Amino acid sequence: MKQFTLQNRQLIIVGEALRDLPTTDFKTNRAKHKLLKLVNKQFEEYAEDEKILLEHLAEKDTDGAPVKLENGNYKIDAANTKQAQKEINELGDMEAVIVYGEFALDIKPAIDYILNYEGHIDAKMGQGLFDLIEAYEK
């Protein structure tokens, strides 16, 4: 089975880099979006795992529900702050396996395009594309 591995924490930057990468033809754009779909699927799983973790470590209201701050983040119980950071870091370091076997021919034009792309790449996009290609080539 064809696959590559990223760390969970790399998924967002790889996804953003793919999304922001300009394409000029349909075949490349289609390949880019198939690849993006695979990365986003793994990111959604990571985000759900992080949400469950934070809900568990969050301060609870009188009904036992996790308390949310105005910005939508969970309010972490002061006693759990170090534990929360440790577990979030561990979750971010975990491997996300991108299985692309059935899409191998479909995503190849995107990989080739990235390897030959000569347009402007800022630092963030460059890091995301670098991480993707490094993982793909292993």
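Predicted model, so just to flag it, every value in this text is computed and none were measured.
Between Tyr136 and Phe4, the ring-plane angle classifies as perpendicular under the 30° and 60° cut-offs. The aromatic rings of Phe43 and Tyr46 sit perpendicular, their planes meeting at an angle over 60°, well past the 30° parallel limit.
Here the side chains of Lys124 and Ile13 are in contact, with some heavy-atom distance below 4.5 Å. Considering only heavy atoms from C-beta on, Lys34 stays 4.5 Å or farther from Leu38 through its side chain. Between Ile98 and Gln3, every side-chain heavy-atom pair lies at or beyond the 4.5 Å cut-off. Looking only at side-chain heavy atoms (C-beta outward), Lys2 and Val99 stay at 4.5 Å or farther from each other. The shortest side-chain heavy-atom distance between Glu87 and Leu91 does not fall under the 4.5 Å cut-off. Contact annotation: the side chain of Asn8 never approaches that of Asp93 to less than 4.5 Å [non-hydrogen atoms, C-beta and beyond]. You'll find the side chain of Arg30 reaches within 4.5 Å of the side chain of Asp106, heavy atoms only.
Scanning all heavy atoms of the two residues, the minimum distance from Gln42 to Ala96 falls at OE1-CB, 4.0 Å. Between Ala84 and Ile76, the closest heavy-atom pair is CB-CG2, 4.0 Å.
The line from CG of Leu53 to CD of Glu48 is 11.5 Å long, rounded to the nearest 0.5 Å. For the atom pair NE2 (His56) and CG (Asp77), the distance works out to 11.0 Å, reported to the nearest 0.5 Å. Taking CD of Gln85 as the start and CG of Asn80 as the end, the distance is 12.5 Å to the nearest 0.5 Å. Atom OH in Tyr100 sits 9.5 Å away from atom CG in Leu35 (nearest 0.5 Å). Of the inter-residue distances, the one linking Gln10 atom CD with Leu132 atom CG reads 10.0 Å to the nearest 0.5 angstrom. Rounded to the nearest 0.5 angstrom, Arg19 CZ and Met125 CE are separated by 9.0 Å.
Cluster annotation: Leu6 and Phe130 are assigned to distinct hydrophobic clusters (Ile/Leu/Val/Met/Phe/Trp/Tyr, side-chain heavy-atom contacts under 4.5 Å, transitive). The same ILVMFWY cluster, assembled from side-chain heavy atoms under 4.5 Å apart, contains both Phe103 and Leu115. No single ILVMFWY cluster, assembled from side-chain heavy atoms under 4.5 Å apart, contains both Val14 and Val97. Note on Ile121: it clusters hydrophobically with Leu18, by side-chain heavy-atom contacts below 4.5 Å among ILVMFWY residues.
Within 6.0 Å of NZ in Lys41 there are 12 or fewer heavy atoms belonging to other residues, nucleotides or ligands.
The salt bridge (Lys or Arg N to Asp or Glu O under 4.0 Å) analysis of residues 126-138, with sequence neighbours excluded, yields no pairs.
Listed for the Lys32 side chain is a donor-acceptor partner under 3.5 Å among the backbone atoms of Leu21. The backbone N or O of Asp25 lies less than 3.5 Å from no partner atom in the side chain of Thr28, so there is not a single donor-acceptor pair.
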Donor-acceptor contacts, no H, no angles, side chain residues 62-75, under 3.5 Å, sequence neighbours left out:
residue: Asn71; atom: OD1; partner: Asn73; partner atom: N; Å: 2.9
residue: Tyr74; atom: OH; partner: Glu55; partner atom: OE2; Å: 2.7

Go through Thr81 and Leu57 one step at a time and tell me if the side chain to side chain contact (heavy atoms under 4.5 Å, CB included) criterion holds. CA-CA 8 Å; Thr81 303; Leu57 296 169; over 6 Å; no
